[in-house]
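Here the structure is laid out as structure tokens; the discussion comes afterwards.
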Amino acid sequence: MTTPATLPKFRQRLILAVLMLCSLLIWLDNTVLSTTLETLADPVRGLGADPGELQWATGSYTLAFATLMFTAGALGDRFGHRTVFSSGLAVFAGSSLWAAYASDSGQLIAARAVMGVGSALITPAMLAILMWTFTGPARAAAIGVFSTSAGVGMAAGPVLAGFLLDHFRWGSVFLINVPVSVLAYAGLAVLVPNFRSPTPRPLDPAGMVLSAGGLVALSYGLIRAGQVTAWSRADVWAPIVLGLVLLAVFVLVELRAKVPGFDPRLLARRAFGGGNVALGLLLFAVAAITFYNAFYLQGALGFSPMKAGLANVPTALGALAGAPLATRLVRRLSLRLVTVPALTMAALTMAGYGFLGLHTPLVWIEILLLVQGLSIGMVIGPVTAALIGDLPLDQAGAGSAVTNTVRQTGSVLGIAVGGTIMSVVYRRAIEPSLADAPGPVRDQARVSAEQARHVATAVDRPTLARAADDAFIHAMHVGAGWIAVATLLGAAVLMATLPATGKKKDPIESATPASVRAG
């Protein structure tokens, strides 16, 4: 099928429902893992995963997502978006089943990477089907309804994960994906035509391999730095150098390609390049602070998974309120006048983690998370929409690929760098408390605060558990400072690159379809 068919309105609504179900599935999976990290680190209830393994369990998914995304859209153009979508659902469901019954951290990391492949196949096809199914004013309305699935997933994910972890084993947070995927697969088969583009984009295998290899090597070196005492070791600096070289070659290859999957030339445009750098830095910060938050609430404060999930709801509510608020403000002011203060406020909330402790009242934590979600919501949606909307129509798809890849790369590096800072500072802070501990106790306590608490209970050393809590809080404070600096740098980039005044047209409204494609 090469042209959009006019489908009955009832069928269009059913297709929209299927797409929203799949979007909800992706967003749920993106949020449930953060609630599960503390359980996975527990040697009894989980897998006894160390911080590096947890970084990979989170980052492997995002790595696969980031590096396959710009190729997956071309696959949909060539073979049909329903075909690629169905394949992605099958991969996602199968890897979710694998993750649910993983017997060690290595299996979980591998399963999460395959889940990222499934998500990368689903997302571009899902958005393409939405654009082909609806036209005119109906498309704008459908996009508005579809976008609510992200907010629902952000709010429901931690709560659902908390409920499952309180009542079932940790694998249940992944097992829930399987019946939802089966239901969505049936809806696709019955309702959705196999839309495809009349002019398929070429595949970009060289770009995919180089970008994946570069990010994996760079992430490995950064994560490895948090696991060793000397960064002069070859297994730290060599992967980092290799990763940077591969990414540089990736850029050169894409510059020479006639139709690149990732077009670096777009980043040379002042506003587009600066906006993407700022978004990458913001997603870097969000990924890192979310990683810290999981261990703070459940580990240091001792919240149950359900209580921790409920405690994170204000972040989602703030993000839901922030996007439409920014849209209205941009109409009256300008994108720069709205988003630069919002991103600065986001940086201040990141720095606010430096004042959280073991006895901070919950109400202050909730206020911090609410303001953080609100400020982040006021930046991501409006900046993405405006940047894509400023591109010529024939470059909107390429711009979406660049923006999505930069955002996912920021998340990958945020997990790697943020987790490494936490590991290094924690290990240095706990060391004085281990002077008189037996060798096996010292070795286990150095790994993480979770391992220290476990061994402290086993050998009846409550002072060691308190020392681990204090060392973690110190590590979180140090990491939060660096995360806030990265976010402030993003605000400075927006200030320097966005135009001072807005255009007569509303860039957010005119860019809505493109912003959804940027996802």
Side-chain angles (χ1 to χ4, degrees), residues 37-38 41-43 48-56 58-59 105 218-237 239-240 284-285 287-301 350-360 413-459 461-486:
L37 290 174
E38 177 70 25
D42 191 288
D50 62 40
E53 290 168 335
L54 294 176
Q55 285 169 272
W56 277 116
T58 306
S105 299
L218 180 59
S219 298
Y220 177 84
L222 292 172
I223 291 173
R224 186 65 179 153
Q227 300 171 317
V228 300
T229 54
W231 291 2
S232 59
R233 293 173 45 149
D235 58 348
V236 174
W237 63 262
I240 293 176
F284 173 99
I289 210 71
T290 301
F291 195 75
Y292 289 7
N293 181 59
F295 297 107
Y296 173 63
L297 292 179
Q298 293 185 59
L301 299 188
M350 306 291 177
Y353 276 74
F355 297 93
L356 300 181
L358 296 174
H359 305 290
T360 302
L413 296 180
I415 294 163
V417 175
T420 292
I421 292 173
M422 182 178 75
S423 296
V424 171
V425 178
Y426 165 80
R427 193 165 55 242
R428 291 175 179 171
I430 193 69
E431 198 64 42
S433 303
L434 303 177
D436 60 342
V441 173
R442 283 201 306 271
D443 293 341
Q444 191 169 352
R446 287 191 187 107
V447 172
S448 67
E450 288 67 36
Q451 296 281 356
R453 295 185 197 104
H454 175 73
V455 72
T457 301
V459 300
R461 292 182 64 134
T463 56
L464 177 58
R466 288 195 293 272
D469 288 339
D470 291 338
F472 168 79
I473 292 297
H474 174 64
M476 183 178 73
H477 289 173
V478 173
W482 286 108
I483 293 167
V485 169

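Computed from heavy atoms alone, side chains included, the values below leave out hydrogens, waters and symmetry copies.
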Legend entry - Pair Glu431 + Arg442, salt bridge at N-O below 4.0 Å: no

Legend entry - Min side-chain heavy-atom separation Thr290-Ile415 under 4.5 Å: no

Legend entry - Heavy-atom check, side chain of Asp436 versus side chain of Arg461, under 4.5 Å: yes

Inset, instruction - Answer yes or no: is there a side-chain heavy-atom contact under 4.5 Å between Leu301 and Thr360? - result: no

Legend entry - Residues Gln444, His454; criterion side-chain contact (heavy atoms from CB on, under 4.5 Å); working and verdict: CA-CA 9 Å; Gln444 191 169 352; His454 175 73; 3.5 Å; yes

Inset, instruction - Show the numbers, then the answer: is there a side-chain contact (heavy atoms from CB on, under 4.5 Å) between Ile473 and His477? - result: CA-CA 6 Å; Ile473 292 297; His477 289 173; 3.4 Å; yes

Inset, instruction - Evaluate the side-chain proximity of Val417 to Trp482: yes if any heavy-atom separation is below 4.5 Å, no if none is. - result: no

Legend entry - With Phe291 via ring pair (Phe, Tyr, Trp, His ring centres under 6.0 Å) - residues at least two apart: Phe295

Legend entry - Interatomic distance, Gln55 atom CD to Ile223 atom CD1 [nearest 0.5 angstrom]: 4.5 Å

Legend entry - Distance (rounded to the nearest 0.5 Å) between Phe472 CZ and Leu358 CG: 9.5 Å

Legend entry - Partner residues of Asp50 under the salt bridge (Lys or Arg N to Asp or Glu O under 4.0 Å) criterion, sequence neighbours left out: none

Legend entry - Arg453 with Asp42: basic N within carboxylate O range, under 4.0 Å: no

Inset, instruction - Quick one: pull up CG in Leu434 and CD1 in Ile430 and give me the separation to the nearest 0.5 Å. - result: 5.0 Å

Legend entry - Side chains of Pro51 and Val447 in contact at under 4.5 Å (non-hydrogen atoms): yes

